[in-house]
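Hydrogens, waters and symmetry mates play no part in the numbers below; they use all other heavy atoms, side chains included. Model, not experiment: these values are computed from the prediction.
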Amino acid sequence: MKRTIALGVWFVSMVFSVACISASEQGDMLGKFDTSKDLFLPQFDSKTDVDDIHAQAAIATMLAHPKFAKVKYHAVAGAYGIQEGLYVPSAELFDLAFGNNWSDAHINYDKALKEVTQLVVNTLKAGGDIWIAEAGQSDFSADIVRALHTNLTDIDVKTRVHIVQHSKWNEGSTSPKDLDYVRDYTDYEKIADGNAVGNGTPGFNTENIGNWPRVLNDKQVGNLWKLAKEISNQYNGKDGRYDNAAITAGGFDFSDTVEVCWIFGYNQIKNTTEFFDVFASK
């Protein structure tokens, strides 16, 4: 009799525990990201390709979705590497897309590094992980990790800092010592390139102009895309900057956004149309 009661209590306890775990997973996890404690860092090089301008608008579109309401984030402008060429300024778009949650490493690298490192330290100390989407190179990320090794010797940075990169070109434009550093000392993930469809990640590079009317008329993010379109058209191919063929044709290129889809569990999206089907207002 006592054994039966004990087993009954154990069973009820196990059911309750499993229910709590399930609720926690449903309530806090968005893909690989724990919205209760993690920090998302989208970092953009914007040199010299204007695809980052579209990516800024696309990532802000994702963050505006109700499912992302609890996501803590901080964006970084000017996180470029060793490539030559002119920068594409978009401070107004950063303000519109991310509010006060961004730092400008192009204007003041040391200030941006200090700001972001402090956010990272605070997150790690509170038990959260760091998720960096490299819409550019890893030089800035490497400096963050170096600061962590100096100031947080008791934190396992290798398992708590996740860096996601989709572009071989971006890797090739990163300082070799910095690329080696993040590969060695972080959870570095190289995923398939976001410029093609059907390779294991979404394809967010297209000359198709068909989605522009719905995007520009979107009540929530239409102004974002209007500004992104103006900036990208202003600088695309100008003064020796890279001439992005998809944008020249009037289409879209937010290929760096595939890293964000990978982090947050939207890797099943196929292309730009499906992206807007999910994230644009209905």
Side-chain angles (χ1 to χ4, degrees), residues 19-44 52-77 90-103 115-116 118-135 160-164 189 194 201-202 204 211 214-228 252 254 256-270 272-282:
C20 288
I21 291 171
S22 297
S24 174
E25 290 177 346
Q26 291 172 1
D28 296 334
M29 298 304 297
L30 187 59
K32 304 173 189 300
F33 188 94
D34 189 334
T35 62
S36 69
K37 57 184 179 180
D38 291 352
L39 176 66
F40 169 51
L41 298 177
Q43 300 184 167
F44 305 89
D52 277 11
I53 307 305
H54 281 201
Q56 290 157 31
I59 293 172
T61 298
M62 295 178 74
L63 292 171
H65 191 278
K67 287 189 176 180
F68 287 73
K70 295 182 180 180
V71 171
K72 291 176 281 293
Y73 63 88
H74 192 87
V76 181
S90 60
E92 185 181 356
L93 181 58
F94 269 91
D95 285 338
L96 188 59
F98 307 112
N100 294 323
N101 299 316
W102 71 281
S103 296
E115 291 172 347
V116 177
Q118 188 60 61
L119 290 171
V120 170
V121 168
N122 292 345
T123 300
L124 292 171
K125 284 184 175 179
D129 282 11
I130 308 300
W131 296 87
I132 300 175
E134 295 283 29
R160 302 275 302 281
V161 176
H162 315 275
I163 297 180
V164 188
E189 297 282 350
T201 66
F204 292 150
N211 281 304
R214 71 190 286 201
V215 171
L216 294 176
N217 291 314
D218 188 286
K219 292 181 180 179
Q220 189 168 23
V221 297
N223 287 338
L224 267 171
W225 284 99
K226 180 181 179 181
L227 182 56
F252 295 85
F254 47 95
D256 289 310
T257 311
V258 299
E259 300 157 354
V260 189
C261 290
W262 188 90
I263 292 169
F264 290 105
Y266 289 91
N267 207 50
Q268 77 281 1
I269 292 175
K270 181 181 179 181
T272 54
T273 296
E274 290 189 6
F275 176 87
F276 292 121
D277 286 344
V278 172
F279 294 108
S281 301
K282 299 296 186 290

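- Under the side chain to side chain donor-acceptor pair (under 3.5 Å) criterion, H65 pairs with no residue, sequence neighbours left out.
- Judged as a side chain to side chain contact (heavy atoms under 4.5 Å, CB included), and not counting sequence neighbours, the contacts of L224 are A60, L93, L96, A97, V221.
- Closest of all the heavy-atom pairs between A228 and I53 is O-CG2, 3.5 Å.
- Of the inter-residue distances, the one linking H74 atom NE2 with Q43 atom CD reads 9.5 Å to the nearest 0.5 angstrom.
- S36 meets the side chain to side chain contact (heavy atoms under 4.5 Å, CB included) test with D28, D34; sequence neighbours excluded.
- Within the 4.5 Å cutoff, no side-chain heavy atoms of Q268 are placed close to those of V278.
- Within a 6.0 Å sphere centred on NZ of K72, heavy atoms belonging to other residues, nucleotides or ligands number more than 12.
- The distance from atom CD of E274 to atom SG of C261, rounded to the nearest 0.5 Å, is 11.0 Å.
- Using a 4.5 Å cut-off on side-chain heavy atoms (C-beta onward), T257 and T61 make no contact.
- Partners of Q220 by side chain to side chain contact (heavy atoms under 4.5 Å, CB included), not counting sequence neighbours, listed by chain and number: A64, D218, S281.
- Looking at residues two or more places apart in sequence or on another chain, you find a ring pair (Phe, Tyr, Trp, His ring centres under 6.0 Å) between H162 and W131.
- E134 contributes atom CD, which lies 9.5 Å from atom CG of L41 (distance to the nearest 0.5 angstrom).
- Of all heavy-atom pairs between V258 and P202, the closest is CG1-O, 3.1 Å.
- Taking CZ from F94 and CG from L227, the interatomic distance works out to 11.5 Å, rounded to the nearest 0.5 Å.
- Here OG1 of T201 is found 11.5 Å from CD1 of I269. Values are rounded to the nearest 0.5 Å.
- Here F254 pairs with F204, W225, F275, F276 under the ring pair (Phe, Tyr, Trp, His ring centres under 6.0 Å) rule; sequence neighbours left out.
- Take N217 and apply the side chain to side chain donor-acceptor pair (under 3.5 Å) test, not counting sequence neighbours, and it matches no residue.
- In this structure Y73 satisfies the ring pair (Phe, Tyr, Trp, His ring centres under 6.0 Å) test with no other residue, sequence neighbours excluded.
- For D129, the salt bridge (Lys or Arg N to Asp or Glu O under 4.0 Å) test picks out R160, with sequence neighbours left out.
- Of the inter-residue distances, the one linking K32 atom NZ with W262 atom CH2 reads 4.5 Å to the nearest 0.5 angstrom.
- The side-chain heavy atoms of R214 and D277, taken from C-beta on, include a pair separated by under 4.5 Å.
- For the pair S103 and E115, the tightest heavy-atom approach, listed with the atom from each and the gap, is OG-OE1, 2.5 Å.
- N267 is linked by a side chain to side chain donor-acceptor pair (under 3.5 Å) to nothing, counting only residues two or more places apart in sequence or in another chain.
- With a 4.5 Å cut-off on side-chain heavy atoms, F68 and T35 do not count as touching.
- Listed by chain and residue number, nothing satisfies the side chain to side chain donor-acceptor pair (under 3.5 Å) test with D52 (two or more places apart in sequence, or in another chain).
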May I have the step-by-step check of side-chain contact (heavy atoms from CB on, under 4.5 Å) for I59 and F40, ending in yes or no?
CA-CA 11 Å; I59 293 172; F40 169 51; 4.0 Å; yes

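- The shortest side-chain heavy-atom distance between K67 and Y266 falls under the 4.5 Å cut-off.
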